[in-house]
Amino acid sequence: MSTGSSSNACKLLLLGRCLRAVLLSAGIQFQLLLVFLLLVNFQLLSPLDWVSGTVGLICSWYTWFASIPLLAAVVVYGVSLCQQHLVERPYCPTRYRWILHYGPRKLFFLGAHLLVGFLTAWLYTGYLQTDYRHLSYKCYGEDCISGYHVYMLGMGLTAGCYYFVSVHKRQEVSIKFPIVEQTLGEKLRELLYATLARSLVRSILPTLSYTMVFWILGRLVCQRLCHILDVNMDERMDGFFGVVSNVKLLFYGWLLTAQILSNMHLMRSFYGILLCEDLPLVITKQKAAFASEQEITLVSCLGVFNVYVVQCLAANYFYKLAMRKDSKQRAEIFQLTEPGNRPANWRALCDQCLVILNSFTDDLVESMQKISVLKGAQNLPLPQTIDSTSTSIMAERLLLRQYNQLHGIRQIASPPRNVAMDQPADGIRHMPNWCERVSTQLEEALHRLVKRVPGILYLFSEPEGSKTNFLLVNSQPLVYVTQALAQICAASLNEDRYGVVQNDLPAIVKAINKLRGELDKLNSVMGNLRAPSSEFNVLRSAVRRSLYTICNAFCDYLGDLLPPGEELHQLQAFIQQE
């Protein structure tokens with residue numbers, strides 16, 4: 001199966017899981033509403049009437065019809081989440097490119113959050129007292145605007161906006177594979193209990209912040225609504241004490257915020273749980289006439305670079321397969337194909353993994369060349385011979401120059417010019433043309449002028465280390481691929497009867513060791529970059545763990561795999577540390 005057909009087949013499988021997540025999100029709305037009504041209508045003296053009355057409200061026709069707008073908003077939210085997971089994630093070097101590519105999607109996602117928050121507040125206020133239930137109510141025989149209702153609707157919008165800003169503003173949605181395998185029921189039960197308990201604490205800050213803002217701007221909003229609806233003003237929410245002293249209103253607002261945050265987190269987690277399920281991948285595609293044409297091989301799924309989730313699932317499947325001892329599918333990797341007796345399975349899998357490793361390493365090296373600290377260290381001239389007495393002096397000069405380049409400190413004396421470099425090859429010294437001199441000065445003046453315009457550099461310049469950050473954030477497939485390759489190589493000592501892995505061991509070791517060296521270079525400047533330290537630490541630990549596995553499995557044969565030199569010395573150091 002080609003890469004394009006594999007991508008389409010995987011997208012269809014993931015789309016079906018997204019639909020299941022939408023159904024779970026729709027079903028959880030009634031469960032959250034049940035929890036809300038149980039807390040609001042709590043009756044200690046008559047528990048049977050309390051429970052039966054709440055269940056009757058949930059099962060009533062009013063609830064089913066009133067929930068239709070919220071369920072429609074949940075579907076819109078689910079579509080936006082599905083789009084976030086299944087679309088390609090290109091690198092945007094500037095903020096302007098990021099706004100063009102991700103801006104419409106982020107705005108649509110923000111609108112879905114606001115819609116779900118507003119409709120949740122509108123639905124929940126329908127079960128409260130009369131002055132909470134409608135936008136206008138009868139006060140002293142006249143129609144008045146309900147400040148309580150306005151407060152609750154604004155709280156719903158604020159909760160949706162708060163969750164979007166705190167979770168989805170800059171970060172892309174991602175899936176986290178569980179460490180311990182659990183059934184779907186166990187995952188859902190654990191997720192529900194943990195989310196409800198965490199949201200009660202997490203909702204305190206947005207509730208208090210919104211209350212302070214409503215105290216300042218709430219009266220203006222209510223006056224505007226009174227002018228539009230031609231009703232009187234509600235004086236109950238007037239002043240600071242009128243808002244803060246209403247304990248019931250604050251309790252309802254806090255409870256509503258906790259429900260909305262729980263709802264958002266549960267819907268997002270449903271996608272993560274269902275998308276983490278293993279794909280039905282195979283190592284060797286069957287060639288029988290009755291075999292299904294929709295079989296997806298592991299190699300073709302690893303080659304889907306345009307859908308990040310698909311590659312993560314394939315890499316995780318490869319890692320689980322490599323960790324299973326005496327597995328029939330793992331044995332298929334070392335088998336020879338008929339006819340021809342060629343290691344087609346291993347050859348395709350090894351080539352694909354090396355393409356992933358080498359392409360990531362090359363992109364990382366290219367991105368690190370744009371980092372000023374590393375670039376300055378690479379451009380430093382190294383002496384031909386270094387005396388043992390001058391080693392400490394050279395080290396101090398090197399560190400001092402790196403510090404000056406990092407903080408923009410110029411030297412007091414200009415560096416000596418190299419006469420041999422200034423003299424042209426033909427020995428004739430040419431004077432620069434006045435046109436070139438004037439054009440160079442104009443270009444430099446225009447460049448300085450553009451830098452002074454506010455916002456130009458912010459939008460159209462590439463931040464330092466942004467490409468490196470992008471690669472580290474999307475490095476989850478590398479974490480699984482490197483460890484899986486190391487485990488397969490270590491297992492080949494006992495399971496590879498035909499020696500199909502031996503010829504590729506030097507290339508695998510060199511690829512992983514090269515990536516380790518670049519990560520070690522990056523580790524020295526991680527404190528100066530706004531890089532995701534957690535992803536970097538996970539990737540670096542996985543790469544070093546892979547080298548530990550290979551080096552300790554082939555400790556007696558490292559001299560045969562690699563020629564004598566610095567690389568062999570580095571790998572032998574791994575054995576000594578073990």
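One is the number of the first residue; the rest follow in order along the sequence.
- The shortest distance between side-chain heavy atoms of Leu349 and Phe318 falls below 4.5 Å.
- Not a single salt bridge (charged side-chain N to carboxylate O under 4.0 Å, His left out) links Glu186 to another residue, sequence neighbours left out.
- Listed by chain and residue number, nothing satisfies the salt bridge (charged side-chain N to carboxylate O under 4.0 Å, His left out) test with Arg268 (two or more places apart in sequence, or in another chain).
- Side-chain atoms of Leu261 and Tyr162, non-hydrogen and from C-beta on, do get closer than 4.5 Å to each other.
- Minimum interatomic distance between Ala348 and Val299 (heavy atoms only, all atoms of both residues): O-CG1, 3.8 Å.
- With 3.5 Å as the limit, one finds no donor-acceptor pair spanning the side chains of Arg540 and Asn537.
- When only modelled atom types and interatomic distance are considered, Trp346 and Asp496 share no side-chain donor-acceptor pair under 3.5 Å.
- Residues Leu23 and Arg20 form no side-chain contact, since every pair of their non-hydrogen atoms from C-beta on lies 4.5 Å or further apart.
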Exercise for review: Take Val22 and Tyr77, measure what side-chain contact (heavy atoms from CB on, under 4.5 Å) needs, and give me the verdict at the end.
Suggested key: CA-CA 9 Å; Val22 170; Tyr77 185 83; over 6 Å; no
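- You'll find the side chain of Leu266 stays beyond 4.5 Å of the side chain of Ser25, heavy atoms only.
- For OH of Tyr96, the number of neighbouring non-hydrogen atoms (other residues, nucleotides, ligands) closer than 6.0 Å is 12 at most.
- Glu495 CD: more than 12 foreign heavy atoms inside a 6.0 Å radius.
- Less than 6.0 angstrom separates the ring centroid of Phe177 from the ring centroid of Tyr480.
- In this structure, Lys187 does not pair ionically with Glu277, as no charged nitrogen and carboxylate oxygen lie closer than 4.0 Å.
- A distance of 7.0 Å separates CG of Leu86 from CG of Leu275, quoted to the nearest 0.5 Å.
- The shortest side-chain heavy-atom distance between Asp504 and Arg347 falls under the 4.5 Å cut-off.
- For Glu88, there are no salt bridge (charged side-chain N to carboxylate O under 4.0 Å, His left out) partners two or more places apart in sequence or in a different chain.
- Considering only heavy atoms from C-beta on, Gln311 stays 4.5 Å or farther from Val304 through its side chain.
- For the pair Leu515 and Phe360, the minimum side-chain heavy-atom distance is below 4.5 Å.
- The side chain to side chain donor-acceptor pair (under 3.5 Å) check on Thr94 picks up nothing, with sequence neighbours excluded.
- In this structure, Asp363 does not pair ionically with Lys467, as no charged nitrogen and carboxylate oxygen lie closer than 4.0 Å.
- Between Phe109 and His168, the angle of the ring planes goes over 60°, which puts this pair in the perpendicular group of the 30/60° scheme.
- Put simply, the side chain of Cys10 reaches to within 4.5 Å of the side chain of Leu279, judged on heavy atoms.
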Practice item. Start with the C-alpha distance between Ser466 and Tyr91, add both sets of side-chain angles, then the distance that settles side-chain contact (heavy atoms from CB on, under 4.5 Å), and finish with yes or no. Key: CA-CA 9 Å; Ser466 61; Tyr91 169 65; 2.7 Å; yes
Exercise for review: Go through Leu32 and Thr120 one step at a time and tell me if the side-chain contact (heavy atoms from CB on, under 4.5 Å) criterion holds.
Suggested key: CA-CA 10 Å; Leu32 291 176; Thr120 302; over 6 Å; no
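- For Ser359, there are no side-chain contact (heavy atoms from CB on, under 4.5 Å) partners, not counting sequence neighbours.
- For Arg324, the salt bridge (charged side-chain N to carboxylate O under 4.0 Å, His left out) test picks out no residue, with sequence neighbours left out.
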